[in-house]
Amino acid sequence: MQQAHDIITRMNDRYMKMSKGHKAIAAYISDHYEQAVFMTASRLGETVGVSESTVVRFASGLGYEGYPEFQKALEEWVKNKLNSVQKMGTKYGKSTKSEILQAVLNSDIEKLQDTIVNLDAAAFETAVDTILEARCVYLIGVRSCEPLADFLHFYLNMIRGNIIHVKTTSVTEIFEQMIRIDERDAIIGISFPRYSMRTLKAMEFANDRNAKVITITDSIHSPMNLYSSCNLLARSDMVSIVDSLVAPLSVINALVVALCMKEPDVVKRNLETLEEVWNNYQVYLNDEINFIDGEIPLNNPLVKKNES
């Protein structure tokens with residue numbers, strides 16, 4: 001749980017009211033804190049593309065007396081982040097492997113139960129309808145959330161067309177990939193603590209272009225909710241150095257199932273087409289063999305090799 005006074009929480013709380021230059025600084029620090037912690041105000045400004053005085057004003061705007069105090073706070077936050085490995089050792093150091101397994105699984109079950117209680121059913125329904133009705137659906141999730149976006153992209157692409165997965169480490173490239181988004185489109189932003197400023201800026205851009213914004217995040221206090229009218233909340237706490245993404249993945253699974261139930265005929269046609277393509281081009285024969293009922297097709301190259 002983040003403390004109210006830590007530097008990342010301060011940036012998230014003030015982000016919506018920041019100037020363009022200050023938002024750029026916040027985004028860089030959030031996504032590159034490992035480098036930013038060693039930078040002078042001058043170097044940080046040069047890297048972000050703003051003046052040194054803008055960096056100093058940014059630090060003051062967060063409530064620090066000057067850049068040195070701001071840098072010290074960032075250093076403390078990074079140190080606490082890195083110490084999570086030691087904290088994990090303290091928590092689990094004397095546990096057996098089976099005890100660790102049980103503790104982690106029980107923790108995930110608790111998160112699922114909490115998600116069931118707190119997820120807004122009306123927001124879920126709105127998300128399903130929005131995804132089906134949008135001309136294009138954009139997806140973004142970075143760092144540990146990228147696999148969730150990959151998973152959702154894979155299945156949405158089977159259900160409907162025009163799914164755009166925004167994947168880049170550059171904020172400018174995010175905007176380039178989203179340049180055509182407008183009120184006919186929707187975006188799904190996935191982010192959990194430590195929240196990604198890249199994802200937040202993408203959602204801000206989509207909101208400015210009047211697109212429908214859906215967020216999958218952890219709580220009502222998440223900055224991801226600033227630009228979203230449809231918030232799907234799934235609990236994700238840190239039990240170690242690894243983010244627990246079980247509950248978010250379950251919410252995404254539920255989205256996929258609900259979408260399939262809304263458009264069963266379309267999904268059936270798409271899957272039949274894919275099956276035909278897989279068979280025609282022998283997609284799975286070489287590296288992902290999956291024979292049904294133990295029957296091996298006679299044109300299988302493995303059979304021909306054994307017969308020769």
Student: Going by ring-ring contact (aromatic ring centres under 6.0 Å, His included), name the residues that satisfy it together with Tyr15, two or more places apart in sequence or in a different chain.
Tutor: none
Student: Can you list everything that forms a ring-ring contact (aromatic ring centres under 6.0 Å, His included) with Tyr138? Sequence neighbours excluded, please.
Tutor: none
Student: Side-chain donor-acceptor pair under 3.5 Å between Ser228 and Thr215, yes or no?
Tutor: no
Student: Output the distance between atom NZ (Lys72) and atom CD1 (Ile7), rounded to the nearest 0.5 Å.
Tutor: 13.0 Å
Student: Check the pair Phe151 / Asn253 against side-chain contact (heavy atoms from CB on, under 4.5 Å), numbers first and verdict last.
Tutor: CA-CA 9 Å; Phe151 183 89; Asn253 275 336; 3.2 Å; yes
Student: Ignoring hydrogens, what is the shortest heavy-atom contact between Gly141 and Thr199? Give both atom names and the distance.
Tutor: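 For Gly141 and Thr199, the tightest heavy-atom pair comes out as CA-OG1, 4.5 Å.
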Student: Examine Tyr67 together with Phe70 and report whether their ring centres are nearer than 6.0 Å.
Tutor: yes
Student: Within the side chain of Asp218, is there an N or O that forms a donor-acceptor pair under 3.5 Å with the backbone of Phe192?
Tutor: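 The answer is no, because no donor-acceptor pair under 3.5 Å joins these two groups.
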Student: Please report the closest heavy-atom contact between Leu139 and Ala149, naming both atoms and the distance.
Tutor: CD1-O, 3.9 Å
Student: Going through the distances and angles, do Leu152 and Val256 end up as a side-chain contact (heavy atoms from CB on, under 4.5 Å)?
Tutor: CA-CA 8 Å; Leu152 183 55; Val256 171; 4.1 Å; yes
Student: NE2/His165 to CG/Asn157 distance, rounded to the nearest 0.5 angstrom?
Tutor: 11.5 Å
Student: Is there a donor-acceptor pair under 3.5 Å between the side chain of Arg57 and the backbone N or O of His22?
Tutor: no
Student: Main chain of Ile140, side chain of Arg198: is a donor-acceptor contact present, judged purely on distance under 3.5 Å?
Tutor: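 A pair under 3.5 Å: no.
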Student: Which heavy atom of Arg235 sits nearest to which heavy atom of Pro248, and what is that distance?
Tutor: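 Minimum heavy-atom separation between Arg235 and Pro248: O-CD, 3.9 Å.
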Student: About how many Å separate CD1 of Ile25 and CD1 of Ile29, when rounded to the nearest 0.5 Å?
Tutor: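 Separation between the atoms: 6.5 Å.
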Student: What distance separates Phe38 CZ from Leu74 CG, expressed to the nearest 0.5 Å?
Tutor: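 Result: 9.5 Å between the selected atoms.
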Student: Start with the C-alpha distance between Leu62 and Met11, add both sets of side-chain angles, then the distance that settles side-chain contact (heavy atoms from CB on, under 4.5 Å), and finish with yes or no.
Tutor: CA-CA 7 Å; Leu62 293 180; Met11 288 196 301; 3.7 Å; yes
Student: Ignoring hydrogens and geometry, is there a side-chain-to-backbone donor-acceptor pair from Gln71 to Val37 under 3.5 Å?
Tutor: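 The answer is yes, because a donor-acceptor pair under 3.5 Å joins these two groups.
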Student: Please tell me if the side chains of His153 and Leu156 come closer than 4.5 Å, counting only heavy atoms from C-beta onward.
Tutor: no
Student: Starting at OG1 of Thr115, measure out to CG of Leu233 and round the result to the nearest 0.5 Å.
Tutor: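 Interatomic distance, Thr115 OG1 to Leu233 CG, rounded to 0.5 Å: 8.5 Å.
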Student: Would you say the side-chain atoms of Thr40 and Ser42 include a donor-acceptor pair closer than 3.5 Å?
Tutor: no
Student: One pair to check against side-chain contact (heavy atoms from CB on, under 4.5 Å): Leu255 and Tyr155. What are the steps and the verdict?
Tutor: CA-CA 10 Å; Leu255 267 181; Tyr155 284 102; over 6 Å; no
Student: What are the two closest heavy atoms between Met18 and Phe58, and how far apart are they?
Tutor: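 Minimum heavy-atom contact is CE-CE1, 3.8 Å.
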Student: Determine which pairs satisfy salt bridge (Lys or Arg N to Asp or Glu O under 4.0 Å) with at least one residue from residues 36-50, sequence neighbours left out, and list them in order.
Tutor: none
Student: Any chance CD of Glu34 has more than 12 other-residue heavy atoms, nucleotides or ligands included, within less than 6.0 Å?
Tutor: yes
Student: Looking only at non-hydrogen atoms, find the nearest pair between Tyr227 and Val213 and report the distance.
Tutor: O-CB, 3.2 Å
Student: State the SG-NZ distance between Cys230 and Lys212, to the nearest 0.5 angstrom.
Tutor: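 Cys230 atom SG to Lys212 atom NZ measures 12.0 Å (nearest 0.5 Å).
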Student: Do you reckon Leu44 sits in the same ILVMFWY cluster as Val56, going by side-chain contacts under 4.5 Å, direct or chained?
Tutor: no
Student: Who pairs with Glu125 by side-chain contact (heavy atoms from CB on, under 4.5 Å), at least two apart in sequence or on another chain?
Tutor: Lys262
Student: Which residue pairs satisfy the salt bridge (Lys or Arg N to Asp or Glu O under 4.0 Å) criterion with at least one member in residues 140-155, sequence neighbours excluded?
Tutor: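 Sorted pair list: Glu146-Lys167, Asp150-Lys167.
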Student: Side chains of residues 178-190: which donor-acceptor partners sit under 3.5 Å, not counting sequence neighbours?
Tutor:
residue: Asp182; atom: OD1; partner: Arg184; partner atom: N; Å: 2.9
residue: Asp182; atom: OD1; partner: Arg184; partner atom: NE; Å: 3.3
residue: Asp182; atom: OD2; partner: Arg184; partner atom: NE; Å: 3.3
residue: Asp182; atom: OD2; partner: Arg184; partner atom: NH2; Å: 2.7
residue: Asp185; atom: OD1; partner: Arg135; partner atom: NE; Å: 2.9
residue: Asp185; atom: OD1; partner: Arg135; partner atom: NH2; Å: 3.3
residue: Asp185; atom: OD1; partner: Cys136; partner atom: N; Å: 3.1
residue: Asp185; atom: OD2; partner: Arg135; partner atom: NH2; Å: 2.7
residue: Asp185; atom: OD2; partner: Asp182; partner atom: N; Å: 3.0

Student: Specify the closest pair of heavy atoms between Ala123 and Asn231, including all atoms of both residues, with the distance to one decimal.
Tutor: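 Heavy atoms of Ala123 and Asn231 come nearest at CB-O, 3.7 Å.
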